[in-house]
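Presented below is the structure to which this report refers.
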Amino acid sequence: MDYANKNRFNWVLSVDQDSVLDSKLVSEYKKCIRNYSNDNIGMLTCLIKDRNFKDSSAEKQEEQLKEVPICITSAAFTNVKNYFSTVGYDSNLFIDLVDTDICLTLREKNFKIFRINYLGIYHEIGHGENKKILWKDVIVHNSSAFREYYMARNSIILQKKHPRLYPRKTMLNGLALNFLIITLFENKKLKRLSNFFRGIKDGRR
């Protein structure tokens with residue numbers, strides 16, 4: 001983002017190493033920008049297909065342009081000028097919820113996160129599977145056990161940073177759901193739970 005700002009680029013496309021982008025994605029983003037009259041876009045995202053599991057909320061929509069609360073950093077198209085109206089990415093979060101944090105940071109400055117109605121990325125988060133807990137559909141990511149620490153710790157940090165947009169109840173529900181997913185479905189349960197509770201402890205401190 002610093003490089004883009006110094007070299008007078010208007011937008012930045014961020015991509016993860018395991019993402020496969022559609023060749024027309026940037027063209028679709030540019031078309032959206034041309035047709036949008038306001039200058040309040042913080043970030044654009046697109047429809048996402050994960051290789052391992054189905055998530056209908058991320059894979060289809062009826063609206064051509066839909067405001068969403070958060071998006072992942074991979075395939076995000078970020079407005080450079082509006083980004084620098086904020087404090088930017090929080091590198092202290094390191095690995096998990098960094099993308100959620102920047103989305104909330106942009107929204108607190110009254111910038112919007114929009115998703116275009118275009119399947120622009122094939123992505124993979126861990127080795128995800130669709131599961132059920134009673135009547136609730138959940139996604140088990142089967143990601144690295146060490147990430148449980150950062151997911152738990154950063155959930156608490158995020159709530160402290162953004163209490164209005166990420167209220168305490170939402171955080172607690174997320175932690176409880178993650179605990180159930182680890183206990184019921186994940187492998188290396190003891191290691192994961194140890195990291196999970198250590199993350200909660202450090203997040204509170």
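For clarity, every value in this text was computed on a predicted model and none was experimentally measured. As a basis for the values below, the full set of heavy atoms in this structure was taken, side chains included, without hydrogen atoms, waters or symmetry mates.
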Straight-line distance of I70 CD1 to I113 CD1, nearest 0.5 Å
9.5 Å
Quick check for you: to the nearest 0.5 Å, what is the distance between I48 atom CD1 and R115 atom CZ?
8.0 Å
Take atom NZ of K161 as the centre, draw a 6.0 Å sphere, and report whether it contains more than 12 heavy atoms from other residues, nucleotides or ligands.
yes
Between the main-chain N or O of N10 and the side-chain N or O of K81, is there a donor-acceptor pair closer than 3.5 Å?
no
Would a hydrophobic clustering, with Ile, Leu, Val, Met, Phe, Trp and Tyr connected at side-chain separations under 4.5 Å, put F94 with F196?
no
Between the side chain of R153 and the main-chain N/O of R198, is any donor-acceptor distance below 3.5 Å?
no
Between L119 and D22, is there a side-chain heavy-atom distance shorter than 4.5 Å?
no
Roughly how far, to the nearest 0.5 Å, is CE of M43 from CH2 of W11?
10.0 Å
With a 3.5 Å distance limit and no angle check, can you tell me whether D96 reaches the backbone of Y150 through a side-chain donor-acceptor pair?
no
Can you find a heavy atom in the side chain of L180 that is under 4.5 Å from one in the side chain of F185?
no
Is the side chain of K160 donor-acceptor paired with the backbone N or O of R204 at a distance under 3.5 Å, no angle test?
yes
Taking side chain to side chain contact (heavy atoms under 4.5 Å, CB included) as the test, write out the residues that go with L25, two or more places apart.
L21, Y29, C46, A75, I116, Y118
Once you round to the nearest 0.5 Å, how far does CG of D16 lie from CD1 of I121?
7.0 Å
Does the side chain of L158 come within less than 4.5 Å of M171's, by heavy atoms?
no
Are there more than 12 heavy atoms of other residues, nucleotides or ligands under 6.0 Å from atom NZ of K188?
no
Could you tell me whether Y83 and F111 have their ring centroids closer than 6.0 angstrom?
no
Any side-chain heavy atom of C103 sitting closer than 4.5 Å to one from P69?
no
Within the 4.5 Å heavy-atom criterion, are Y36 and I33 side-chain neighbours or not?
no
Evaluate the side-chain proximity of E148 to N178: yes if any heavy-atom separation is below 4.5 Å, no if none is.
yes
For N82 and I41, indicate whether the former's side chain and the latter's backbone hold a donor-acceptor pair under 3.5 Å.
yes
Ignoring hydrogens and angles, tell me if any N or O in the side chain of N195 forms a donor-acceptor pair with the backbone of A145 under 3.5 Å.
yes
Answer yes or no: is there a side-chain heavy-atom contact under 4.5 Å between R205 and D202?
yes
If hydrophobic clusters are built from ILVMFWY residues whose side chains come within less than 4.5 Å, do V20 and L47 share one?
yes
Going by heavy atoms in the side chains, are F84 and M1 under 4.5 Å from each other?
yes
Could you tell me whether the side chain of S155 and the main chain of M151 form a donor-acceptor pair under 3.5 Å?
yes
Can you check whether L97's main-chain N or O pairs, donor with acceptor, with D101's side chain at less than 3.5 Å?
no
Heavy-atom count check: over 12 atoms from other residues, nucleotides or ligands less than 6.0 Å from K191 NZ?
no
According to a hydrophobic-cluster definition based on side-chain heavy atoms being under 4.5 Å apart (Ile, Leu, Val, Met, Phe, Trp, Tyr only), do L104 and L106 belong together?
no
Is L172 reachable from I200 through a run of I, L, V, M, F, W or Y residues, each pair having side-chain heavy atoms under 4.5 Å apart?
yes
From NZ (K112) to NZ (K66), nearest 0.5 Å
14.5 Å
Take F114 and F77, measure what side chain to side chain contact (heavy atoms under 4.5 Å, CB included) needs, and give me the verdict at the end.
CA-CA 10 Å; F114 285 118; F77 210 44; over 6 Å; no
Atom pair CD1/CD of I156 and Q159 - distance to nearest 0.5 Å
9.0 Å
Ignoring hydrogens and angles, tell me if any N or O in the side chain of K189 forms a donor-acceptor pair with the backbone of T183 under 3.5 Å.
yes
Does a donor on one side chain sit under 3.5 Å from an acceptor on the other, for T86 and T105?
no
Could you check whether atom CZ of R168 has more than 12 heavy atoms from other residues, nucleotides or ligands sitting under 6.0 Å from it?
no
Under 4.5 Å between side-chain heavy atoms, counting indirect links through other Ile/Leu/Val/Met/Phe/Trp/Tyr residues: same cluster for I72 and L44 or not?
yes
